[in-house]
Structures are given as C-alpha cells and as structure tokens.
2 protein chains.
Amino acid sequence: MVGGMADIYRALADPTRRAVLDELYERDRQTLFEICGRLTVKHGLASSRQAVSQHIDVLEEAGLVRVEREGRYRFHTIDTAPLRAIAERWPARGRKDGQP
Amino acid sequence: MVGGMADIYRALADPTRRAVLDELYERDRQTLFEICGRLTVKHGLASSRQAVSQHIDVLEEAGLVRVEREGRYRFHTIDTAPLRAIAERWPARGRKDGQP
DNA sequence: TTGACATGCAAGTAGCCACTTGCTTATGGT
DNA sequence: ACCATAAGCAAGTGGCTACTTGCATGTCAA
C-alpha cells in the first residue's frame, strides 16, 4: 500500500489530472508515453512527459491510480474506489430517490 | 442565477471549504457569523470572516451553496446535487454490486 | 438620526503548485 | 558492448490562490 492516502480532493483539482483519469478510465494499463500521446491527441493537452509524470505521482498518492512495473515499462491503472468517499461525505438528503 | 457553474473540483480542493460544507450539511440556513463561529469551535479552524466569505463565494459559484438574503442576514444552504457529476464521470466498473 | 450589527469590496502579500530544465538510471534489442 | 527507449530525480521559475488589511455599504433598534 501507499501509506498515507493523500488528499484525493486536491488530486482532482487539476484539469490535466482529471484528463489522465478520463484516459485511464477508457483504457487500463497504459504507460507514461501512451498517456502523454493520448492526452495530446484526444484531449488537446500539450503537457510534457515530466509534467504528466508529476501529475501521475499525485494521483498515485491519492490512491486513484495503481502502478505495475514490468521490465522497463510502468503500467498505470485507474482505481475509482477512493471516489466513493466524496459521495459518502455529503450524501443526498431529503429526496429519498438516490439512484434507481 | 449564477451563470457559469464554476469548477466544482477546485471548490472542493480546499480543506476549509470542505469544513464549511460539513457544517452546512449538519445545519442549513446559517449566516456567515454562525459558520465562522462553528468552524472555530467545532472544527478548530481559526479563519477570519473575510476568508470564510471568500470561500463561500467559491462554493456558491460552484453551485454547492445557495444563498437567501433576508434583511441584513444572508442564509447559506448546501446543495449536494453537483457532487453527482463526480461519481458519474468515473462510475465503478467491473463489480456490479455498488455498496454492500 | 444615531449607533450597533451583518455583510461587501478591493488592493496587497506570502506561500504553494504546475511546469520547466538538465542530467541520470535502467531495461531491451542488435 | 553499444545504442535507443522508458522512466527517475532534483532544483529553479512563474503564476495562481488563500489570506490579510482597511474602508464602505446596508439593515435594524432605540
């Protein structure tokens, strides 16, 4: 495990990090270069490799991205579980229809 | 109306703003002074009135807090609806059971 | 009106955060 | 071994943001 489960809210605050999550949500086990390329092509973001790498570090510390090392590759996978904490912190009240 | 539904993610990024939401979740229709007092006493945050006021502005622009003006008072109410967008952006996949 | 209370506005400051820059490490192919 | 690829590290920089400071506005009670 990571150890300290850093601030998930701050991790979501940056639009580039949310785009990374969007990309990983579409396709798991992507490398850093794959993510960089897809961010540029599909999301129109021109972020450098180092910038994306630092963003991924933040996402990893927040528990939103898991990493598997294989040889010289580093595969990234999204983990949506921590997002539950947000909905559970301020649950919808009043109306009892939450989800169908 | 607000107009542009500002960045909800950025609004949640600040711990003081999340404490304001916590406080309003417990009790609706609080004034600025009430919120300030409760933040200090219950959450141990020593934020000035102006600081809290600016935080509330951010929350209001994000659609997370609604305001009713009555005389010289300004009552604040939490609106949890925009939080749904987060859970809907990256829904849990794989397991089809949501929560136990 | 006067005074007290609740809030509003706007400019200035300090600290954090995203991004860059330059170099280094490590794995795999030939 | 050699080179190319994928990633790691670490210091420096610019801009954003939370907070302060000081004054102004608006409302209610006497």
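Small disclaimer: the values here were computed from a predicted structure and weren't measured. Just so you know, these numbers use all the heavy atoms, side chains as well, and skip hydrogens, waters and symmetry mates.
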B:Arg74 charged N/C atom sitting above B:Phe33 aromatic ring, 6.0 Å / 45°: no
- prompt: What pairs with B:Glu88 under salt bridge (charged side-chain N to carboxylate O under 4.0 Å, His left out), at least two apart in sequence or on another chain?
  reply: none
message: Tell me whether the side-chain N/O atoms of B:Arg74 come closer than 4.0 Å to OP1 or OP2 in C:dG8.
response: yes
- prompt: Which nucleotides of nucleotides 21-30 of chain C have their base under 4.0 Å from a protein heavy atom (B), which only their sugar-phosphate (S), and which neither (-), written as one string 5' to 3'?
  reply: BB----BS--
message: Output the rounded distance in Å from OH (A:Tyr9) to P (C:dC16).
response: 22 Å
- prompt: From C:dA18, D:dA18, D:dT20, pick the nucleotide closest to the side chain of A:Arg17?
  reply: C:dA18
field: Note: A:Lys42-A:Glu26 ion pair, threshold 4.0 Å (strictly below)
entry: yes
- request: Take the protein atom CG of B:Asp57 and the nucleotide atom C1' of C:dT7, then report the distance between them rounded to whole Å.
  value: 11 Å
- request: Output the distance between atom CD1 (A:Ile78) and atom NE2 (A:His76), rounded to the nearest 0.5 Å.
  value: 12.5 Å
Spacing between A:Glu68 atom CD and D:dA6 atom C1', to the nearest angstrom: 17 Å
message: Under a 4.0 Å threshold between the charged nitrogen and the carboxylate oxygen, would A:Arg66 count as salt-bridged to A:Glu60?
response: no
query: Charged N to carboxylate O below 4.0 Å: is that the case for A:Arg17 and A:Asp22?
result: no
query: Can you tell which of D:dA6, C:dA18, D:dC19 lies closest to the side chain of B:His55?
result: D:dC19
- request: Figure out the CZ/C1' separation between B:Phe33 and D:dT27, and round it to whole Å.
  value: 14 Å
- line: Taking C:dG8, C:dA6, D:dC19 as options, the one with an atom nearest any side-chain atom of B:Ser53 is C:dG8
